[in-house]
Amino acid sequence: MTDRSFLFVLGSSRSGGNTEILARQAAEQLPAGTRQHWVDLAASDLPDFQDGRHEAEGWTPGESEAMLRRATLEATDVVIASPLYWYALSAHTKRYLDYWSGWLTSPGSDFKQRMAGRTLWGVTAMADHDEARAEGLVTSLHHVASVGLLEGRAVGALTYVVVSASALGRCGARHVMRTAAA
């Protein structure tokens with residue numbers, strides 16, 4: 001049994017897509033007994049983020065937000081599994097990360113302190129053969145990791161995997177690129 005706990009955040013608009021397949025294959029490689037929590041953002045009723053910092057009554061979190069915040073804080077490793085949509089993160093994934101803004105800035109929040117030392121992982125699948133098309137997604141996750149929240153093995157630790165749909169065997173194997181931030 002390991003002390004690590006992985007939160008897999010599925011950001012695709014469809015269940016069972018290439019990115020989810022890849023994330024599940026990665027999860028199979030974890031040591032036996034590693035805790036895993038899977039969240040399908042498309043299936044959650046998480047509303048669009050509303051910045052309530054300047055409202056007198058503040059923000060009362062809904063059930064989906066409270067569950068996501070709790071799951072995020074309980075994980076030692078957060079795996080963002082978002083397909084590449086128009087050269088960026090999916091809307092579902094972006095909405096989840098928008099909530100981080102609220103969790104960071106709400107009065108009395110200890111989100112930043114509790115997330116320190118965690119590792120952020122990114123997994124994506126794309127149809128294009130040019131990995132440069134994923135730079136927007138990768139840059140976004142690097143910025144999320146580098147705001148001082150997640151450190152792990154390196155400052156702003158981010159490990160990401162970019163895979164073409166064909167690399168999953170759907171159209172014939174091609175290649176996998178795995179890069180770790182220095």
Side-chain angles (χ1 to χ4, degrees), residues 1-49 61-85 88-104 111-112 114-127 134 137-138 140-145 149-153 157-165 167-170 176-181:
M1 180 84 151
T2 177
D3 290 344
R4 295 175 77 183
S5 173
F6 283 74
L7 171 62
F8 287 85
V9 181
L10 302 176
S12 181
S13 60
R14 66 185 172 104
S15 182
N18 294 333
T19 301
E20 181 177 344
I21 291 168
L22 182 59
R24 292 196 182 279
Q25 288 176 351
E28 290 172 3
Q29 305 308 308
L30 294 173
T34 301
R35 289 171 296 177
Q36 299 176 27
H37 185 135
W38 292 78
V39 174
D40 182 350
L41 295 174
S44 80
D45 59 350
L46 187 68
D48 286 339
F49 173 70
E63 186 177 322
S64 290
E65 177 187 354
M67 181 278 300
L68 273 173
R69 184 178 191 277
R70 187 172 41 257
T72 301
L73 288 170
E74 289 174 355
T76 60
D77 296 75
V78 177
V79 181
I80 302 292
S82 174
L84 183 69
Y85 289 160
L89 295 164
S90 70
H92 294 300
T93 304
K94 176 68 169 71
R95 179 183 299 131
Y96 165 68
L97 293 173
D98 284 347
Y99 273 90
W100 284 34
S101 296
W103 300 338
L104 281 165
F111 187 75
K112 182 173 183 171
R114 291 180 63 187
M115 291 299 290
R118 313 292 171 92
T119 302
L120 178 67
W121 301 81
V123 176
T124 192
M126 55 189 277
L137 181 147
V138 171
S140 292
L141 291 179
H142 269 288
H143 288 311
V144 168
L149 294 175
L150 305 159
E151 294 178 319
R153 290 179 297 273
L158 169 66
T159 300
Y160 56 93
V161 180
V162 178
V163 176
S164 68
L168 293 173
R170 300 232 168 153
V176 176
M177 178 181 85
R178 181 171 189 228
T179 309

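Owing to the predicted nature of the structure, the values given are computational and were not obtained by experimental measurement.
The heavy-atom pair separating Leu73 from Met115 by the smallest distance is CD2-SD, 3.9 Å. Taking each heavy atom of Ser90 and Thr93 in turn, the nearest pair found is OG-OG1, 2.8 Å. Taking each heavy atom of Arg35 and Asp3 in turn, the nearest pair found is NH2-O, 3.0 Å. Shown here for Thr19 and Ala125, the closest heavy-atom pair between the two residues is OG1-N, 3.1 Å. For the residue pair Leu141 and Leu120, the shortest heavy atom distance occurs at O-CD2, 3.6 Å. For the residue pair Arg118 and Ala75, the shortest heavy atom distance occurs at NH1-O, 2.5 Å.
Residue Arg114 holds its CZ atom at 8.0 Å from CD of Glu74, rounded to the nearest 0.5 Å. Interatomic distance, CG of Leu104 versus NZ of Lys112, reported as 7.5 Å (0.5 Å rounding). Ile80 contributes atom CD1, which lies 9.5 Å from atom CG of Leu137 (distance to the nearest 0.5 angstrom). Between Glu65 atom CD and Glu63 atom CD the span is 12.0 Å, to the nearest 0.5 Å. Between the CE atom of Met67 and the CG atom of Asp45 there is a distance of 8.5 Å, given to the nearest 0.5 Å. Within the model, atoms OH of Tyr85 and OG1 of Thr124 stand 9.0 Å from one another, a figure rounded to the nearest 0.5 Å.
Between Tyr96 and Trp100, the ring planes are perpendicular. Angles over 60° get that label, and only those under 30° would be called parallel.
Taking the centre and axis of the six-membered ring of Trp38, the NZ or CZ atom of Arg24 falls inside the cone set by 45° and 6.0 Å.
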Open item on the list: Please evaluate residues Leu41 and Arg95 with respect to the criterion side-chain contact (heavy atoms from CB on, under 4.5 Å), reporting the C-alpha separation (whole Å), side-chain torsions for both, the decisive distance (0.1 Å), and the verdict.
Closed with: CA-CA 9 Å; Leu41 295 174; Arg95 179 183 299 131; over 6 Å; no
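Not one N or O on the side chain of Ser5 forms a donor-acceptor pair closer than 3.5 Å with the backbone of Thr76.
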